[in-house]
Number of protein chains: 2
Amino acid sequence: MNEKDEKIFEAWVALIRSHQMLTDAVENDLKQAGLPPLSWYDVLLEINREPDCRLRLQDIGSRILLAKNNVTRLVDRLEKEKLVTRKKCKSDGRGVYAYIEPEGKALLKKMWPIYRQSVLTHFKAGLSDKDIGNLCAILQILRSSAPSGTEKSELVHGTERNIKNVN
Amino acid sequence: MNEKDEKIFEAWVALIRSHQMLTDAVENDLKQAGLPPLSWYDVLLEINREPDCRLRLQDIGSRILLAKNNVTRLVDRLEKEKLVTRKKCKSDGRGVYAYIEPEGKALLKKMWPIYRQSVLTHFKAGLSDKDIGNLCAILQILRSSAPSGTEKSELVHGTERNIKNVN
DNA sequence: ACAAAATAGTTGCAAATGGAACAAAATATG
DNA sequence: CATATTTTGTTCCATTTGCAACTATTTTGT
């Protein structure tokens with residue numbers, strides 16, 4: 001194992017640990033505030049971003065990197081809370097749309113300030129503007145160089161759109 | 001939400017997605033090779049790093065950022081496969097050491113080439129030496145600036161030691 | 001020294017995840 | 001056109017995780 005490879009492993013481990021630390025912290029903040037987990041926000045946000053406020057389950061999966069069986073059940077939970085509604089896709093008889101409901105949008109709005117604050121607190125702390133720019137750029141490279149074709153990697157999702165405008 | 005904060009969120013999302021993508025890929029490679037998950041490797045490696053080849057469960061938890069109940073059960077699984085043995089800690093009646101067994105060391109050795117190759121393939125692809133250095137440095141900042149005191153954060157683990165020398 | 005609080009680890013139960021098998025619809029191939 | 005293959009989503013089952021409660025030991029405070 002040469003020196004460069006050691007560096008790579010150092011970065012790899014750092015990525016894993018940072019991620020764990022940060023998501024633990026954010027999930028914890030959400031829970032403290034009596035709010036549902038990040039994954040709910042993720043799904044609702046992705047649907048809400050769509051012009052017609054609906055998204056195929058398959059696309060939800062590819063956006064948030066979740067296997068299809070888990071998408072089914074995550075949407076089950078959201079639907080049970082009436083945050084989302086399922087409707088069959090007419091142009092493709094196999095497909096199912098998840099529509100975001102007003103309550104779903106309301107939840108996004110309610111979660112956002114807590115989520116935002118949490119990420120800013122835990123994530124930004126100590127990072128300079130330049131660091132953040134660098135980090136973005138590097139992670140972008142990581143994400144785009146994923147031709148490792150294990151079915152989950154069909155996505156190279158479109159530019160990350162903004163988080164704001166919940167309404 | 002100002003422009004800087006948007007940048008932060010972009011980085012945050014990129015971190016989450018990159019992590020997901022990469023761990024999916026690596027876990028998949030391990031499974032393809034008929035090997036156990038990353039978490040096993042992680043625990044075994046942490047124990048193996050210790051001069052006396054043993055580690056308190058609590059310390060395992062703080063090293064790999066895993067809640068104590070999950071440490072208990074992860075060690076259960078390792079012990080069931082005879083990779084590890086539990087022994088009471090004499091200096092602290094509450095404590096339990098996990099000792100790595102020869103079979104545990106053997107597994108480390110067996111997993112390492114696959115793991116290594118997988119990380120190099122999926123992670124390093126596209127990154128320059130400078131990128132890797134930057135990434136390390138930035139993630140290091142993220143990890144060290146975690147005073148968010150929710151009990152899990154008692155750790156500021158010692159410098160990440162090397163991955164090599166399994167024997 | 002003693003009671004109160006904190007720490008280490010385990011356990012039980014509910015929830016989430018992963019994998020394989022499945023049904024239904026769409027696409028490809030001969 | 002007929003049939004094989006792929007895609008989409010769901011379901012079943014086993015494994016893993018998260019949370020709260022619990023025991024045992026140690027530490028703290030008086």
Side-chain angles (χ1 to χ4, degrees), chain A residues 20 23-32 34-40 42-43 54-81 84-98 149-155, chain B residues 20 23-32 34-40 42-43 54-81 84-98 149-155:
Chain A
Q20 188 68 36
T23 52
D24 279 4
V26 172
E27 292 282 14
N28 189 57
D29 287 348
L30 288 174
K31 188 154 306 185
Q32 254 11 52
L35 295 170
L38 216 42
S39 53
W40 289 32
D42 259 11
V43 172
R54 65 181 193 182
L55 197 54
R56 290 279 300 271
L57 296 211
Q58 181 216 3
D59 295 323
I60 295 177
S62 67
R63 299 262 184 101
I64 70 175
L65 264 24
L66 195 62
K68 57 187 179 180
N69 51 353
N70 291 326
V71 173
T72 291
R73 287 178 293 205
L74 180 45
V75 170
D76 283 349
R77 283 168 243 150
L78 296 178
E79 199 172 23
K80 198 175 307 175
E81 300 298 325
V84 133
T85 318
R86 261 184 251 243
K87 281 200 180 58
K88 294 211 140 191
C89 172
K90 305 207 168 167
S91 59
D92 183 339
R94 302 164 294 182
V96 173
Y97 280 113
T150 48
E151 94 174 350
K152 255 174 197 161
S153 331
E154 312 107 353
L155 74 150
Chain B
Q20 188 68 36
T23 53
D24 278 4
V26 172
E27 292 282 14
N28 188 58
D29 287 349
L30 289 173
K31 188 154 306 186
Q32 255 9 55
L35 295 170
L38 218 40
S39 53
W40 290 33
D42 259 10
V43 171
R54 64 179 193 181
L55 198 53
R56 289 279 299 273
L57 296 211
Q58 182 214 4
D59 295 323
I60 295 178
S62 67
R63 299 265 183 99
I64 70 175
L65 263 26
L66 195 63
K68 58 185 178 181
N69 53 350
N70 291 326
V71 174
T72 290
R73 286 179 292 207
L74 180 44
V75 170
D76 283 349
R77 282 169 244 151
L78 296 179
E79 200 172 24
K80 197 175 307 174
E81 301 297 325
V84 133
T85 319
R86 261 184 251 244
K87 281 199 180 58
K88 293 211 140 190
C89 172
K90 305 204 167 168
S91 59
D92 184 339
R94 301 163 294 183
V96 172
Y97 280 112
T150 46
E151 98 176 347
K152 255 173 201 162
S153 332
E154 311 108 354
L155 75 149

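Side chains are part of it too, since the values below use all heavy atoms of this structure and drop only hydrogens, waters and symmetry mates. Labels below follow one simple rule: chain letters A, B, ... track the order of the sequence lines, proteins then strands, and each chain is numbered from 1.
Checked against side chain to side chain contact (heavy atoms under 4.5 Å, CB included), B/Arg94 has the following partners two or more places apart in sequence or in another chain: B/Asp92. Scanning for salt bridge (Lys or Arg N to Asp or Glu O under 4.0 Å) contacts around B/Glu81 gives an empty result, with sequence neighbours left out. Scored by the side chain to side chain contact (heavy atoms under 4.5 Å, CB included) test, A/Lys87 finds A/Thr85, A/Tyr99 as partners (sequence neighbours excluded). Taking the side chain to side chain contact (heavy atoms under 4.5 Å, CB included) definition, one finds that B/Glu27 meets it with B/Leu30, B/Pro37, B/Leu38, sequence neighbours left out.
Look at CD on A/Glu81: it is 10 Å from P on C/dA16, rounded to the nearest Å. At whole-Å resolution of the value, CG in B/Leu74 and C1' in C/dG9 are 14 Å apart. Here C/dA8 presents its C1' atom at 19 Å from NZ of B/Lys87, a figure rounded to the nearest Å. One can place CG of A/Leu66 at 10 Å from C1' of C/dA16, the figure rounded to the nearest angstrom. Rounded to whole angstrom, the span from the CD atom of B/Glu27 across to the C1' atom of C/dG18 amounts to 11 Å. At whole-Å resolution of the value, CG in B/Leu78 and P in D/dT16 are 10 Å apart. When the C1' atom of D/dG18 is taken as reference, atom CG of A/Leu30 falls 15 Å away, rounded to whole Å.
Of the options A/Leu74, A/Thr72, A/Leu78, a side chain to side chain contact (heavy atoms under 4.5 Å, CB included) to A/Asp76 is made by A/Thr72 and by none of the others.
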For nucleotides 7-13 of chain D, give me one character per nucleotide, 5' to 3': B if any protein heavy atom sits under 4.0 Å from the base, S if the only such contacts are to the sugar-phosphate, - if neither.
BBBBBBB

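The two residues A/Ile60 and A/Ala98 come nearest to each other via the heavy atoms CD1-CB, 4.1 Å.
Between A/Arg77 and C/dA16 there is a side-chain polar atom (N or O) within less than 4.0 angstrom of OP1 or OP2.
Secondary structure note: stems in DNA chain D built from 3 or more consecutive Watson-Crick or G-U wobble pairs under 3.5 Å occupy C:1-30 with D:1-30.
Atom-to-atom distance recorded for A/Arg54:CZ and A/Cys89:SG is 7.0 Å, nearest 0.5 angstrom.
Position along DNA chain C of the nearest nucleotide to A/Trp40 versus B/Lys31 favours A/Trp40 as the more 5'-ward residue.
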